[in-house]
Amino acid sequence: MFIYVNPASPKITFIGAGSATFTRMLIGDILSYPELRGATLSLHDIDEERLETAEGVARVTAREAGATPAIEAHLDRRRALEGADYAINAVQVGGHAATVIDHEIPARYGLRQTIGDTLGIGGIFRALRTIPVMQGIAADMAAVAPEAWLLNYTNPMAMLCWATYAGTPQKRIVGLCHSVQNTTHQLAELIGVPFEEVTFTGAGINHQAFILRFERDGEDLYPRLDAAIERDPELARRVRVQMYLKLGYFPTESSEHSAEYLPWFMRHDGQVERMRIRESDYVRISEENLDEYARVRDAVAAGEPLPIEPSLEYAPQIIHSIETGEPRVIYGNVENTGLIENLPRGACVEVPCVVDRSGVRPTHMGELPAQLAALNRTFVNVADLTVRAALEGRPEHVLHAAMLDPNTAATLTLDEIERLVAELTEAHGHALPAALRGAA
């Protein structure tokens with residue numbers, strides 16, 4: 001039982017606040033806690049119109065929540081961060097146009113992707129253009145908010161968090177995803193067990209973690225999942241279900257994402273059809289996000305209400321626990337200081353973390369099952385080389401990362417990979433670190 005003493009009034013900075021729908025959701029969750037209704041919400045975006053929309057969203061959401069936070073809006077990032085206790089990062093460097101490049105150029109080489117934001121050629125180049133921004137955020141925080149927690153939502157999660165704690169003074173960084181909580185809710189629903197009765201543990205690499213324990217009152221619930229799959233053969237037409245059947249543990253990431261982290265699916269026409277894999281789906285999602293932003297912008301301008309819909313996101317929970325001392329367990333992406341013993345030290349791993357007034361404390365997990373750690377290492381190889389390319393200014397490591405990516409390596413020859421890397425480097429141009437612009 002925790003004892004709540006004083007009302008909390010932290011300063012929470014939103015970097016990339018122009019992602020208005022996501023910002024609205026997080027603000028709604030934050031203001032749902034009575035103790036946080038007096039917080040300062042500091043909004044930053046480099047796009048003036050989007051920043052204005054975000055400020056309007058924040059004011060409407062506060063009104064809907066019956067809260068009176070202080071709301072600031074800044075085009076200057078350092079001013080937005082000044083004195084912050086928490087910084088929530090949700091930037092997308094290059095926006096929709098960069099997403100289109102990441103998909104259209106590889107597609108001309110015959111390289112299929114689904115989302116292209118975490119691993120693979122799309123994930124590599126998304127990381128390379130975002131790492132300089134992460135370094136800038138860390139530098140600003142060191143100057144004006146040295147004790148603040150950086151709560152990162154931007155993908156590629158493992159690469160960006162890794163590059164930030166390895167290449168900057170910022171150590172209070174936690175990468176946050178919703179795959180663990182979404183997956184466990186979905187599994188509970190599939191087997192007909194109320195989620196409130198389920199206990200679980202997961203670990204691995206973000207977007208390739210696994211549910212290691214899934215129980216109710218000491219009963220292993222995996223046999224119930226096996227029975228559900230046997231009853232419905234259509235479930236086996238999902239990449240993550242095939243991963244579960246072959247590896248023995250259920251992956252926390254969707255089939256759509258998982259397909260492009262592996263060598264066995266995207267290069268085969270029959271597998272793409274059988275597993276119902278949608279190519280370049282993120283381009284469609286990105287277009288829908290633009291439409292949703294326009295809808296929210298117009299609604300704010302017209303003075304229309306924006307309903308608050310509670311979410312499962314971790315950032316508001318972390319802030320509430322640190323400010324009030326109420327303990328929680330969340331899943332965070334943090335430096336592997338021996339937390340997972342059979343993954344490389346220094347890599348970014350996803351593990352349970354205890355959160356209370358002392359901060360975010362990762363849990364030591366020991367060793368993963370050997371087959372899971374082996375698969376994770378194929379993921380870590382790409383992340384490691386991408387981070388090294390950015391931090392060490394080594395353009396040859398961009399090519400090496402692409403060569404070792406499972407999906408790219410299964411699809412293209414070495415010469416094709418080299419040409420693809422060169423073309424993407426030229427296409428993204430000045431968005432990449434200067435030392436990497438000659439990569440080929």
Kindly write out the residues that satisfy side chain to side chain donor-acceptor pair (under 3.5 Å) with Ser311, not counting sequence neighbours, or none if the list is empty. Asp29
Side-chain heavy-atom pair Asn89, Leu151 within 4.5 angstrom cut-off: no
CZ on Arg24 to CG on Leu306, rounded to 0.5 Å: 5.0 Å
Report the C-alpha distance between Glu288 and Arg284 in whole Å, list the side-chain angles of each, state the deciding distance to 0.1 Å, and finish with yes or no for salt bridge (charged side-chain N to carboxylate O under 4.0 Å, His left out). CA-CA 6 Å; Glu288 290 178 353; Arg284 176 190 61 80; 2.7 Å; yes
Indicate whether the side chain of Glu423 and that of Tyr109 have a donor and an acceptor atom separated by less than 3.5 Å. yes
Contact check, side chains of Tyr331 and Asn206, non-hydrogen atoms, under 4.5 Å: no
Donor + acceptor pair across side chains of Tyr86, Glu323 (<3.5 Å): yes
Can you establish whether the number of heavy atoms outside Glu189 located under 6.0 Å from its atom CD is more than 12? no
What do the steps show when you test Leu262 against Phe379 for side-chain contact (heavy atoms from CB on, under 4.5 Å), and what is the final call? CA-CA 9 Å; Leu262 305 166; Phe379 194 117; over 6 Å; no
Would you check if Leu176 and Ile88 make a side-chain contact, meaning some heavy-atom pair closer than 4.5 Å? no
Inspect the contact between Arg112 and Asp269 and indicate whether a charged nitrogen and a carboxylate oxygen are less than 4.0 angstrom apart. yes
Side-chain heavy atoms of Leu339 within contact of Val334, under 4.5 Å: yes
Determine yes or no for a side-chain-to-main-chain donor-acceptor pair under 3.5 angstrom, with Glu82 supplying the side chain and Arg78 the backbone. no
Starting from the C-alpha separation in whole Å, work towards a yes-or-no answer on side-chain contact (heavy atoms from CB on, under 4.5 Å) for Asn342 and Asn376. CA-CA 10 Å; Asn342 51 351; Asn376 277 174; over 6 Å; no
Minimum heavy-atom separation for Pro327 and Ser321, please, with both atom names. C-OG, 4.3 Å
Which atom pair, heavy atoms only, marks the closest approach of Ala98 to His428? O-CE1, 3.8 Å
Contact summary for Val354 and Val329, nearest pair of heavy atoms: CG2-CG2, 4.5 Å
Between Thr130 and Val93, is there a donor-acceptor pair closer than 3.5 Å when you use the side chain of the first and the backbone of the second? no
Gap between atom CZ of Arg237 and atom CG of Asp232 - 0.5 Å precision: 10.5 Å
Arg278 side chain vs Glu256 backbone, donor-acceptor pair below 3.5 Å: no
Do the side chain of Glu197 and the main chain of Pro194 share a donor and acceptor less than 3.5 angstrom apart? no
Rounded to the nearest 0.5 Å, what separates atom OG1 in Thr252 from atom NE2 in His178? 10.5 Å
Filter on salt bridge (Lys or Arg N to Asp or Glu O under 4.0 Å), then keep only pairs touching residues 120-133, sequence neighbours left out; what's left? Asp102-Arg129
What's the spacing between Ile15 CD1 and Thr23 OG1 if we round to 0.5 Å? 11.0 Å
If you take all heavy atoms of Ile229 and Leu235, which pair is closest and at what distance? CA-CD1, 3.9 Å
Given side chains that start at C-beta, do those of Thr154 and Val133 come closer than 4.5 Å, heavy atoms only? no
Keeping Arg77 on the side-chain end and Gly136 on the backbone end, is there a donor-acceptor pair under 3.5 Å? yes
List the steps and the verdict of side-chain contact (heavy atoms from CB on, under 4.5 Å) for Ile105 and Ile121. CA-CA 10 Å; Ile105 292 177; Ile121 200 73; over 6 Å; no
Does the side-chain contact (heavy atoms from CB on, under 4.5 Å) test come out yes or no for Val360 and Arg172, once each step is laid out? CA-CA 9 Å; Val360 180; Arg172 286 188 165 187; over 6 Å; no
Test of understanding: with ring pair (Phe, Tyr, Trp, His ring centres under 6.0 Å), list the residues that count as partners of His185, not counting sequence neighbours. Phe195
For atom CD1 of Ile308, is the number of surrounding heavy atoms from other residues, nucleotides or ligands below 6.0 Å larger than 12? yes
With no hydrogens and no angle check, just 3.5 Å: does a side-chain donor-acceptor pair link Gln208 and Thr378? no
Taking only residues two or more places apart in sequence, or in another chain, which ones meet Pro223 in a side chain to side chain contact (heavy atoms under 4.5 Å, CB included)? Asp220
Do Arg361 side-chain atoms and Cys353 backbone N/O form a donor-acceptor pair below 3.5 Å? no
Could you state the interatomic distance from CG (Leu187) to CG (Asn182), rounded to the nearest 0.5 Å? 11.0 Å
Start with the C-alpha distance between Ser286 and Gln92, add both sets of side-chain angles, then the distance that settles side-chain hydrogen bond (donor to acceptor under 3.5 Å, both in side chains), and finish with yes or no. CA-CA 11 Å; Ser286 182; Gln92 184 182 359; 4.9 Å; no
How close do Ser258 and Met243 get, heavy atom to heavy atom, and via which atoms? CB-SD, 3.8 Å
Mind checking ring pair (Phe, Tyr, Trp, His ring centres under 6.0 Å) for Tyr249 and listing every partner two or more places apart, or none if nothing turns up? none
CD of Glu309: more than 12 outside heavy atoms within 6.0 angstrom? no
Which label fits Tyr244 and Phe250: parallel for a plane angle under 30°, tilted from 30 to 60°, or perpendicular past 60°? tilted
Mind listing the closest non-hydrogen atom pair of Ile137 and Leu81 along with its distance? O-CD1, 4.2 Å
Within the side chain of Thr363, is there an N or O that forms a donor-acceptor pair under 3.5 Å with the backbone of Pro352? yes
Kindly indicate whether the side chain of Phe210, heavy atoms from C-beta on, has any atom under 4.5 Å from the side chain of Leu368. no
Heavy-atom distance under 4.5 Å between the side chains of Thr201 and Ile211, does that happen here? no
For the atom pair CD1 (Ile131) and OG1 (Thr386), what is the distance rounded to the nearest 0.5 Å? 7.5 Å
Ignoring hydrogens and geometry, is there a side-chain-to-backbone donor-acceptor pair from Arg328 to Ile318 under 3.5 Å? no
Greater than 12 external heavy atoms within 6.0 Å of Gln135's CD: yes
Student check: side-chain heavy atoms of Phe22 and Glu313 closer than 4.5 Å: yes
Would you say the side-chain atoms of Asp281 pair up with the backbone N or O of Thr114, donor to acceptor, closer than 3.5 Å? no
Under 3.5 Å: donor-acceptor pair, side chain of Glu260, backbone of Gly116: yes
Ring pair (Phe, Tyr, Trp, His ring centres under 6.0 Å) pairs, two or more places apart, involving residues 351-373: none
Distance-only donor-acceptor check, side chains Arg394 and His400, under 3.5 Å: no
Member of Leu221, Thr183, Leu225 meeting the side chain to side chain contact (heavy atoms under 4.5 Å, CB included) criterion with Phe214: Leu221
